[in-house]
Protein chains: 2
Amino acid sequence: MSGPHFLHLVDEPHRERRDAARNREALLRAAQQLVDVCGVDGVTMDAVATAAGVGKGTVFRRFESREGLMAALLNHSETEWQAAVMSGPPPLGPGAGPWERLMAFGRSRLDTTLLHADLIREAGRAGTRSYAAYSFAAMHVRLLLSELGVTGDLPLLATALMAPLEAPVLDQQVRIEGLDVDRVYAGWIDLARRVVRSPS
Amino acid sequence: MSGPHFLHLVDEPHRERRDAARNREALLRAAQQLVDVCGVDGVTMDAVATAAGVGKGTVFRRFESREGLMAALLNHSETEWQAAVMSGPPPLGPGAGPWERLMAFGRSRLDTTLLHADLIREAGRAGTRSYAAYSFAAMHVRLLLSELGVTGDLPLLATALMAPLEAPVLDQQVRIEGLDVDRVYAGWIDLARRVVRSPS
């Protein structure tokens, strides 16, 4: 646990001491579990402190504010998702065929975008999905399309496949129009089939 | 021209006197011409006043700030675009076949989104594209898909076709990745062909 002398340097994570990093990781895990069970609204600094078994002051020292915690959760979730795509179990990770991997990508991206839309809203100015994160996902779809033998302008087709899974389009369908997530996913599978099948 | 006693009531446009409305329209036309020639950056309160042949005070009375002017331009542009789709000349308006209308829709939506992304950025909190505007476009695409004999979940397919033409996806491709607008449009045509052709 970090002592009161610990100073969190936002742009210099490499300077974090090892125990501080472990502490941070434990707090993020506790916060993530709260999100899974209670949704983003259920994540307060108090609740995270209680769930992680630390004092509320520790949570504030680590993340400065609820906004800061939300931004850290966003970053953590994106990193975990990338790890799952690169080296997690199939069908999202390697080991399944490209169509199965594409379907798993679509579903997990859909769920992740909806979660992240909540986090971004709560994180305020601290939370914007990074361009690097988007590029990673675009490259993954592009490689899967290539493995599937799709011809054409693959970077643009990858963007077209990803666009309906991005906030604010998805957020609007699900939160404003009240569409069922499963229906949106079924619609996306239909789109993917149309994009992937060879020209007749 | 509105006298100094005129008070602009933001939420009560129906109270605008007729000459004030004409004045407003002339200022917006002048501002739109400046956008077309110089881009959004070239639109200052001074430039609009000069182009419309009125005093700078008049521009400030009508729009309060440059942000207010940008928000008004955004609204004006969206309304004009809807009018062009509903009753303007073909192929964007009625009178052309559904495929030609869809292609014209894609191109004009692409250009309009890029312009509006600039306006929204400059309008700050005053400028968000309305849900009603999005719904209008979605309904139009859905009707064209229906006329083209496309089967499936048409509202979702319409959303999928529109998604790559929305900011921030489009903004990212063109402004960050530096893709040529014509290439993005060609990619969108390819997507539309894949969505529209009947299942093999």
Side-chain angles (χ1 to χ4, degrees), chain A residues 106 110 113 120 125 128-135 137-139 141-142 145 150-200, chain B residues 106 110 113 120 125 128-135 137-139 141-142 145 150-200:
Chain A
L110 198 165
T113 297
I120 286 170
R125 313 183 82 225
T128 36
R129 212 167 186 175
S130 75
Y131 177 61
Y134 181 84
S135 295
M139 179 58 73
V141 172
R142 187 173 159 179
L145 290 179
V150 175
T151 55
D153 193 333
L154 295 193
L156 287 190
L157 284 175
T159 301
L161 263 182
M162 287 171 63
L165 303 176
E166 294 297 300
V169 171
L170 192 59
D171 206 40
Q172 180 166 268
Q173 287 182 293
V174 174
R175 311 268 192 241
I176 300 178
E177 299 177 27
L179 290 192
D180 190 78
V181 174
D182 288 335
R183 178 175 162 200
V184 175
Y185 180 52
W188 185 80
I189 295 175
D190 181 29
L191 175 71
R193 278 213 190 91
R194 290 172 194 255
V195 166
V196 165
R197 74 189 169 200
S198 51
S200 47
Chain B
L110 198 164
T113 298
I120 287 170
R125 313 182 84 224
T128 37
R129 212 168 186 174
S130 75
Y131 178 60
Y134 182 84
S135 296
M139 180 58 73
V141 172
R142 186 173 160 180
L145 290 179
V150 175
T151 56
D153 194 332
L154 295 193
L156 287 190
L157 285 175
T159 300
L161 263 182
M162 288 170 61
L165 303 177
E166 295 296 300
V169 171
L170 191 59
D171 207 40
Q172 181 166 269
Q173 287 182 293
V174 174
R175 310 267 193 242
I176 302 178
E177 298 177 30
L179 289 193
D180 190 76
V181 173
D182 288 335
R183 178 175 162 200
V184 174
Y185 180 51
W188 185 80
I189 295 176
D190 181 29
L191 175 70
R193 278 213 190 90
R194 289 170 195 255
V195 166
V196 164
R197 74 189 170 200
S198 51
S200 47

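No hydrogens, no waters, no symmetry mates; every other heavy atom, side chains included, goes into these values.
- Here CD of B:Q172 is found 8.0 Å from CD of A:E166. Values are rounded to the nearest 0.5 Å.
- Only the side chain of A:L179 comes within contact range of chain B, with heavy atoms under 4.5 Å apart.
- If you measure heavy-atom distances from B:L161 to chain A, you find no contacts under 4.5 Å at all.
- Annotation for B:A163 and A:A163: closest pair CB-CB, 3.5 Å, computed over non-hydrogen atoms.
- Both the backbone and the side chain of A:R183 come within contact range of chain B, with heavy atoms under 4.5 Å apart.
- A side chain to side chain contact (heavy atoms under 4.5 Å, CB included) with A:L191 holds for exactly one of B:D153, B:V195, B:L156; it is B:V195.
- One distance of note links OG1 of A:T159 with CG of B:L170; it measures 10.0 Å at 0.5 Å rounding.
- Residue B:R197 comes nearest to A:R194 through the heavy atom pair NH2-O, 3.4 Å, listed as atom of the first residue, atom of the second, then distance.
- Between atom OG1 of residue A:T151 and atom CG of residue B:D190 there is a gap of 8.0 Å, rounded to the nearest 0.5 Å.
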